[in-house]
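To keep things clear, I will list the structure first and then write my remarks on it.
Since the model is a prediction, treat every value here as computed from it, not as a measurement. Just so it is clear, the values below take in all heavy atoms, side chains as well, and ignore hydrogens, waters and symmetry mates. Note that ligands are numbered from 1 as they come in the structure, with each ligand's atoms numbered from 1 the same way.
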Amino acid sequence: MDFREKLADLIIEKYDQFQREEILEIIEIPPQEDMGDLALPCFKFARTFRKAPNLIAEEISNNLAANDYFQEIKNMGPYVNFFINKELIARTVFTNLLKQGERYGSSTLGKDKNVIVEFSSPNIAKPFSIAHIRTTVIGHALRNIYKFLGFNTIAINHLGDYGTQFGKLIVAFKSWGDKETVEKDPIPELLKLYVKFHDLAEENPELEDEAREWFKKLEEGHQEAVELWQWFRDVSLQEFNRIYEMMGIDFDSYAGESFYSDKMDAVIDRLEEKGLLQDSEGAKIVDLEEYKMPPALIKKSDGSTLYITRDLAAAIYRKETYNFYKNIYVVGSQQNLHFQQMFQVLELMGFDWAKDCIHIPFGMVSLEDGTMSTRRGRVVFLEDVLNKAIEKTQEIIAEKNPSLPDKEKVAREVGIGAILFQELSHSRIKDYLFSWDTALSFEGETGPYVQYTHARANSVLDRANVRSFADILAINNEEDPVDLNQALEKGIDFSLLLEDEAYQVIKQIYSFPETILKAMERNEPFLVTRNIIELAQAFNKFYHEYPILVDDPELRKARLLLVLSTRTVIKIGLNLLGIEAPEKM
Ligand code: ARG
């Protein structure tokens with residue numbers, strides 16, 4: 001049931017001078033609860049009506065009568081405000097929840113469509129820092145959201161396992177490295193070598209030449225170079241996989257940059273064929289001046305290829321392999337230009353699917369004492385952050401709830417959940433400052449707060465011995481939705497859920513499916529985070545105001561329905577964000 005549509009119907013019926021679309025576009029949600037559920041601002045109509053907006057609002061509301069969908073319609077200043085029929089919205093919400101259960105909000109919208117979500121893509125031999133947490137967490141959530149909406153998702157980790165930096169690392173390792181030391185603690189040791197290389201290269205530029213040469217050797221398949229590179233890659237991946245496992249993340253493909261090392265000639269040939277390549281001081285470029293961008297450097301004068309060359313090869317390979325409907329890159333906004341250039345080149349190459357390649361940027365993470373820099377060795381390791389969060393959770397459990405079953409598991413789910421949730425609680429494009437204090441605070445609008453609300457709802461249900469909707473409705477088969485629906489209609493008195501506090505909960509649940517859709521359309525998982533925070537807050541208000549396990553069986557049933565629904569939706573939401581919802585906390 002879409003009340004915006006109903007609102008538009010109502011207006012169009014009375015005023016045929018309006019277009020449905022234009023009404024739908026301007027409908028707002030009033031800022032305060034006592035102002036109703038939807039509002040129609042009348043500023044835009046002043047010209048048509050030749051009247052002041054508040055007079056128009058008055059006229060329109062006088063012309064519209066309350067009906068099945070809206071129990072009250074009244075004007076407030078220049079707005080017509082609509083109060084949705086509360087019983088109807090409750091009935092709609094619960095019917096859908098009953099039908100879909102833990103699939104509430106899912107759809108078949110994406111049926112037979114392949115969506116690639118490329119995310120995480122860390123660089124081999126470098127730390128998996130909190131800068132990578134953003135792409136990892138946002139990308140993972142997006143993948144879940146697309147999947148939930150019926151798309152066929154392909155999660156790709158475009159590992160940074162190729163490029164001139166491996167020349168540097170080879171030089172550094174050969175000069176100062178030691179196999180055993182690296183094997184004991186691979187990434188920090190490799191990082192040390194990398195940092196040392198940069199420190200020394202400032203004074204000795206010939207080191208850079210040596211590094212270039214070693215990268216060249218790597219591209220040409222020189223045995224020692226390839227073996228060292230393979231080893232760097234293996235030990236790095238082991239580390240990364242440990243972190244992915246902690247976060248419950250997996251990928252369908254780890255085809256990173258090196259995967260395309262033998263697929264770039266074809267790209268260069270095609271660029272050549274299309275007459276797109278130009279010589280520039282011995283290098284090959286695609287001129288993009290017409291598009292107000294610097295040229296795309298495709299091949300250096302020494303013959304080595306670049307990041308963008310590999311990305312072009314990757315995009316073409318993905319189209320051929322997956323025939324994608326969308327090819328999404330979750331990568332920081334520092335790379336905006338790179339993606340604009342690359343998509344432009346694809347278009348110039350004549351690929352009409354270039355428009356289906358989408359860069360989803362996000363803001364930068366900085367540290368309180370300045371920016372992070374791998375070269376300077378100033379990084380915060382993601383694994384440390386996760387471990388600290390887990391430790392802190394363990395301390396809290398030991399203090400507040402030492403007899404909690406499965407303590408270790410819960411501590412992991414809550415600790416890691418806190419970090420992931422924080423990542424997803426701002427619009428992705430915002431830059432943000434990493435602070436240990438905020439990351440480890442469990443107060444206010446945090447993951448643990450939402451998880452706790454879920455556990456609280458759960459414990460009420462436990463006390464009532466309720467596990468499913470069928471339990472509340474006291475019927476045996478949960479399988480047959482028709483039966484369940486009838487039981488719902490017969491068994492629940494929706495007029496018992498009309499308190500403001502209950503209604504706010506219902507409204508949040510009502511908007512959940514629409515939120516998921518919007519999150520997909522805007523590639524913005526944070527909308528889901530907002531929805532479940534607001535749901536948790538609304539539920540807690542209700543919970544503090546009204547006892548649930550009351551004697552009156554009708555009231556008890558109705559309230560339990562609200563509790564079970566809240567629990568279900570919070571769990572779905574957390575899971576979409578890649579966060580666990582522990583039963584007990
Ligand atoms: N490895 C890169 C980095 O850590 C990100 C790769 C982004 N993906 C791509 N297809 N270019 O900065």
Side-chain angles (χ1 to χ4, degrees), residues 115-140 142-143 154-166 168-169 187 190-191 194 215 229 232-233 236-237 239-240 243-244 249 251-261 263-264 267 296-298 305-319 321-322 324 326-346 351 353-354 356-366 371-375 378-382 428 523:
V115 169
I116 293 179
V117 185
E118 186 218 282
F119 63 101
S120 200
S121 311
N123 298 324
I124 293 300
K126 288 208 196 151
F128 198 113
S129 77
I130 55 165
H132 284 106
I133 190 183
R134 303 216 76 193
T135 159
T136 307
V137 173
I138 295 168
H140 184 221
L142 281 178
R143 175 214 202 172
I154 301 115
I156 299 186
N157 193 332
H158 187 79
L159 288 174
D161 56 0
Y162 215 65
T164 40
Q165 71 270 30
F166 292 98
K168 297 177 187 174
L169 202 57
I187 304 235
L190 292 174
L191 176 64
Y194 191 70
F215 177 57
W229 167 82
F232 296 150
R233 190 179 192 274
S236 306
L237 256 186
E239 303 265 299
F240 296 158
I243 298 170
Y244 292 137
I249 294 178
F251 294 90
D252 300 303
S253 160
Y254 285 86
E257 293 186 44
S258 70
F259 180 76
Y260 301 99
S261 57
K263 298 176 180 58
M264 285 182 284
V267 175
L297 180 55
I298 302 293
T305 56
L306 289 109
Y307 183 53
I308 196 168
T309 328
R310 295 185 279 280
D311 252 332
L312 290 168
I316 296 167
Y317 176 85
R318 289 177 190 178
K319 186 65 193 177
T321 312
Y322 304 107
F324 56 72
K326 282 189 195 176
N327 175 24
I328 294 174
Y329 299 83
V330 185
V331 183
S333 56
Q334 301 99 305
Q335 297 195 28
N336 281 353
L337 177 64
H338 165 76
F339 284 103
Q340 278 162 14
Q341 288 177 309
M342 170 190 148
F343 297 161
Q344 187 62 57
V345 173
L346 286 173
F351 296 120
W353 47 262
D356 307 323
C357 295
I358 305 162
H359 175 212
I360 303 300
F362 52 82
M364 255 199 283
V365 190
S366 48
T371 51
M372 270 190 290
S373 157
T374 315
R375 290 188 186 177
R378 191 162 67 207
V379 288
V380 174
F381 289 85
L382 173 56
R428 63 179 151 72
N523 293 297

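Heavy atoms of His132 approach ligand 1 to within less than 4.0 angstrom. Ligand 1 lies out of reach of Arg310, whose nearest heavy atom is not under 4.0 Å from it.
Under 4.0 Å from ligand 1, the heavy atoms of Phe339 that appear belong solely to its side chain.
Taking the six-membered ring where the residue is Trp, the centroids of Phe119 and Phe251 are separated by under 6.0 Å. The aromatic ring centroids of Phe215 and Tyr162 lie less than 6.0 Å from each other.
Residue-ligand proximity, Gln335 to ligand 1, at heavy-atom distances under 4.0 Å covers atoms 12 (O). Shown in contact with His158 at under 4.0 Å from a heavy atom are these atoms of ligand 1, numbered in order with element: 8 (N), 9 (C), 10 (N). Residue-ligand proximity, Asp311 to ligand 1, at heavy-atom distances under 4.0 Å covers atoms 9 (C), 10 (N), 11 (N). In the vicinity of Tyr329, heavy-atom distances shorter than 4.0 Å reach the ligand 1 atoms 10 (N).
On a distance-only criterion, Glu118 and ligand 1 share at least one N/O pair closer than 3.5 Å. Considering backbone and side-chain N/O of Glu257, none are found under 3.5 Å from N/O of ligand 1.
Side-chain atoms of His359 never come within 3.5 Å of backbone atoms of Gln340 as a donor-acceptor pair (strictly under, hydrogens ignored). With Lys263 contributing its side chain and Phe259 its backbone, the two residues share a donor-acceptor pair below 3.5 Å. Looking only at distances, no side-chain donor or acceptor of Arg310 sits under 3.5 Å from a matching main-chain atom of Ser261.
Between Phe343 and Tyr329, the two ring planes are tilted [angle within 30° to 60°].
Side-chain contact check for Tyr244 versus Thr136: some heavy-atom pair is nearer than 4.5 Å. Counting only heavy atoms from C-beta outward, the side chains of Phe166 and Ile124 approach each other to under 4.5 Å.
Ranking the protein heavy atoms by distance from atom 1 (N) of ligand 1 puts Asn123 OD1, 2.6 Å first. The shortest contact between atom 7 (C) of ligand 1 and any protein heavy atom is with Tyr307 OH, 3.3 Å.
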